[in-house]
Amino acid sequence: MRLLLVEDDELLGSAVYSGLTHAGYTVDWLRDGKAAAAALKQEQVDLLVLDLGLPGKDGLSVLRELRADGSSLPVLILTARDTVEERIAGLDIGADDYLIKPFDLGELNARLRAIARRRAGRATLKIQHGDLTYDPKEHSVTVGGQVMQLHAKSNAILEALLQRPGMPLSRERLEQILYGWGEGVESNAVEVHIHHLRKKLGKERILTVRGVGYMIPKA
Ligand code: CA
């Protein structure tokens with residue numbers, strides 16, 4: 001999943017950046033509210049972790065603009081302990097959840113998984129699709145109870161497709177999920193990982209939708 005982190009505190013930001021990268025997200029990190037607002041107008045991300053006290057433009061204004069633009073992007077806000085009014089305002093403006101600084105990285109990850117799960121309309125962590133089970137926490141795949149060893153980027157593609165069976169994702173969208181801004185995109189990476197996934201999970205598991213992209217059919 002592609003995640004935008006907006007946090008101006010270098011120390012906290014770098015800890016969160018590495019924690020989330022380690023957890024399997026493709027993370028882009030901005031330190032300025034104005035830059036974040038501009039990026040959100042142009043780039044498609046799957047999750048936003050937004051600090052409220054930011055230079056350029058405060059987090060609540062970024063969030064307000066995002067919702068005014070009609071975006072339903074899942075947002076978790078980061079706030080200070082003494083700002084209950086800000087947290088209430090944030091939730092009312094359209095944040096999905098919040099965390100009070102300082103927080104535990106494990107809890108941030110769990111809350112992000114919960115947001116993604118609720119957005120996909122699932123009550124449980126694991127994604128079941130026919131005989132395939134995907135665990136978004138462990139990034140593990142089992143088919144018929146057998147564990148499949150997959151490349152981290154193949155996993156990221158599989159997870160994205162499994163979030164919405166029946167909805168095709170374009171190659172460009174999948175590239176965005178695999179690579180952060182400024183990262184060199186290998187031109188045939190998506191095709192290579194799709195090929196790898198089909199080889200491991202069965203050809204019919206992932207369909208090519210001509211002129212559109214790739215899709216996992218509804219179970
Ligand atoms: Ca701050």
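In each ligand, atom 1 is the first atom listed, and ligand 1 is the first ligand listed.
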Identity of the N, O or S atom of Asp8 lying closest to the Ca ion (ligand 1) = OD1

Contact check: Leu78 to the Ca ion (ligand 1), N/O/S below 3.0 Å = no

Passing option when Asp96 is tested against Arg119, Arg118, Arg111 for side chain to side chain donor-acceptor pair (under 3.5 Å) | Arg119

How far does CD1 of Ile157 sit from NE2 of His193, to the nearest 0.5 angstrom?
-> 6.0 Å

Can you name the N/O/S atom of Asp51 that is nearest the Ca ion (ligand 1)?
-> OD2

Yes or no on ring-ring contact (aromatic ring centres under 6.0 Å, His included) for His151 and His196, after CA distance, side-chain angles and deciding distance?
-> CA-CA 9 Å; His151 188 281; His196 178 67; 7.3 Å; no

Do Thr208 side-chain atoms and Arg210 backbone N/O form a donor-acceptor pair below 3.5 Å?
-> no

